[in-house]
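Because only heavy atoms are used, hydrogens play no part in the values below, and waters and symmetry mates are left out as well, while side chains stay in. In what follows, chains are A, B, ... by sequence order, proteins preceding strands, each numbered from 1.
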Amino acid sequence: MPELPEVEVIRRGLAPRLAGRRIVAITAPSGKQLRQQTPLADLQAWLLGRRFLQLKRRGKYLRFILEGDVNLLVHLGMTGRLLVGRESDFHTLPHVHLKFVLEDGSVLIYQDLRRFGQVLLFRPGEHLWPLDRVGREPFSRNVTPAWLAEQARGRSRPLKNFLLDGHIIAGIGNIYACEILFAAGLHPEVPAGRLSLEDWELVLKETRRLLARAIRRGGTTVLNYLNSFGETGLFQLDLMVYGRGGEPCRRCGTPIQRLVQAGRSTFFCPSCQKSKQP
DNA sequence: CACCCCACCTGCGTGC
DNA sequence: TGCACGCAGGTGGGGT
């Protein structure tokens, strides 16, 4: 699903459409539950009549802050979408699990084909516990090469799996993990603990560069990602390795290889990514 | 503790 | 055409 750039693009699109708007109705068109979801009756009890104040992002979570210290946490899982529009825009759309009608007649819908997402309500004063397990923000000053080296010290797990671990750095998913490793010229199977401080400087620099560029490009659409206006992203045009197994490397022409790490596909160029070997 | 596998869901492309 | 299989942007629980 959406990784950090896609979630951030959604946040930026949604925020001005929601700020100050009051929720006047909530329905559950599909009648199906997400992986984790506050019951509809509780959503209605706590959200109806309240205005959206702010929309924040933490890792891949979106945090909707409403009047009266009520919070709604939304995670899009693999296939979740948040779309804004007119009621009639979504009449025939399948897999719509929640619909919020706003006082100006616009609607916000949560659509999720695979239903791996989460929509959780937090009442005033309640702790937002899902955020406790979210790692550090890649753009935060508390993420430094030294901190990364410290986190990786003594670890045998492959660098790819380390980058993908949202409890350490938040927001990097399978696409950007592959792209970051290509940009840094590092082999995905190198044990994370074997990187030097200089390697971590490069990894962090490329992580920030790629995530920032992806946000500017409106995210990556490989299957069905859409921003809050139903538009695709453009970063897929910049992908160097992800989804390109067997195709020639865009830098050197060597066929891109695919391998499976921790149950997920990894794509890499065996020629460009060998400054460290497994 | 560290690490990996698997389930959780639905749909789509591929190959027989 | 039909069917079985593999695969898909994430995450956490449980096993080794």
*Under 4.0 Å: is that the gap between some side-chain N or O of H75(A) and OP1 or OP2 of dT11(C)?*
yes
Nucleotide N/O to protein N/O under 3.5 Å, stretch nucleotides 7-10 of chain B:
from	atom 1	to	atom 2	distance (Å)
dC9(B)	O3'	R115(A)	NH2	2.6
dC9(B)	O2	R114(A)	NE	2.8
dC9(B)	N3	R114(A)	NH2	3.3
dT10(B)	OP1	K32(A)	NZ	3.2
dT10(B)	OP1	R115(A)	NH2	2.4

*Near DNA chain C, under 4.0 Å by heavy atom, which residues of residues 126-140 of chain A?*
R133(A)
*Within residues 256-265 of chain A, find the residues that approach DNA chain C with a heavy atom at under 4.0 Å, and present them sorted by residue number.*
R258(A), R264(A), S265(A)
*Could you check R50(A) against E67(A) for salt bridge (Lys or Arg N to Asp or Glu O under 4.0 Å), going step by step and ending with a plain yes or no?*
CA-CA 6 Å; R50(A) 285 183 207 268; E67(A) 288 176 317; over 6 Å; no
*For residues 214-236 of chain A, pull every pair meeting salt bridge (charged side-chain N to carboxylate O under 4.0 Å, His left out), keeping only residues two or more places apart or in separate chains.*
R217(A)-D238(A)
_Integer-rounded Å distance: dT11(C) P and I168(A) CD1_ = 13 Å
*Using heavy atoms and a sub-4.0 Å distance, could you list which residues of residues 156-166 of chain A are near DNA chain B? By number, please.*
S156(A), R157(A), P158(A), N161(A)
*Value in whole Å for how far the P atom of dG10(C) lies from CG of L62(A)*: 15 Å
_Contact list for residues 175-204 of chain A, test salt bridge (charged side-chain N to carboxylate O under 4.0 Å, His left out), sequence neighbours left out_ = D199(A)-K276(A)
*Is the closest side-chain donor-acceptor distance between Y176(A) and T220(A) under 3.5 Å?*
yes
*Which residues share a side chain to side chain contact (heavy atoms under 4.5 Å, CB included) with D89(A), sequence neighbours left out*: R86(A)
*In dot-bracket form, how is DNA chain B paired, counting a Watson-Crick or G-U wobble pair only if both its distances are under 3.5 Å and using | for bases paired to another strand?*
.|||||||.|||||||
Under 3.5 Å, which N/O atoms of the protein pair with N/O atoms of nucleotides 14-16 of chain C?
none

_Suppose the criterion is ring pair (Phe, Tyr, Trp, His ring centres under 6.0 Å): which pairs have a residue in residues 238-264 of chain A, not counting sequence neighbours?_
Y242(A)-F267(A)
*Mind checking side-chain hydrogen bond (donor to acceptor under 3.5 Å, both in side chains) for R21(A) and listing every partner two or more places apart, or none if nothing turns up?*
D104(A)
*With sequence neighbours left out, write down each residue that passes side-chain hydrogen bond (donor to acceptor under 3.5 Å, both in side chains) with R251(A), or none if nothing qualifies.*
none
*Round to a whole Å and report the spacing from OH of Y61(A) to P of dG10(C).*
13 Å
*N-O pairing of E6(A) and K60(A) below 4.0 Å*: no
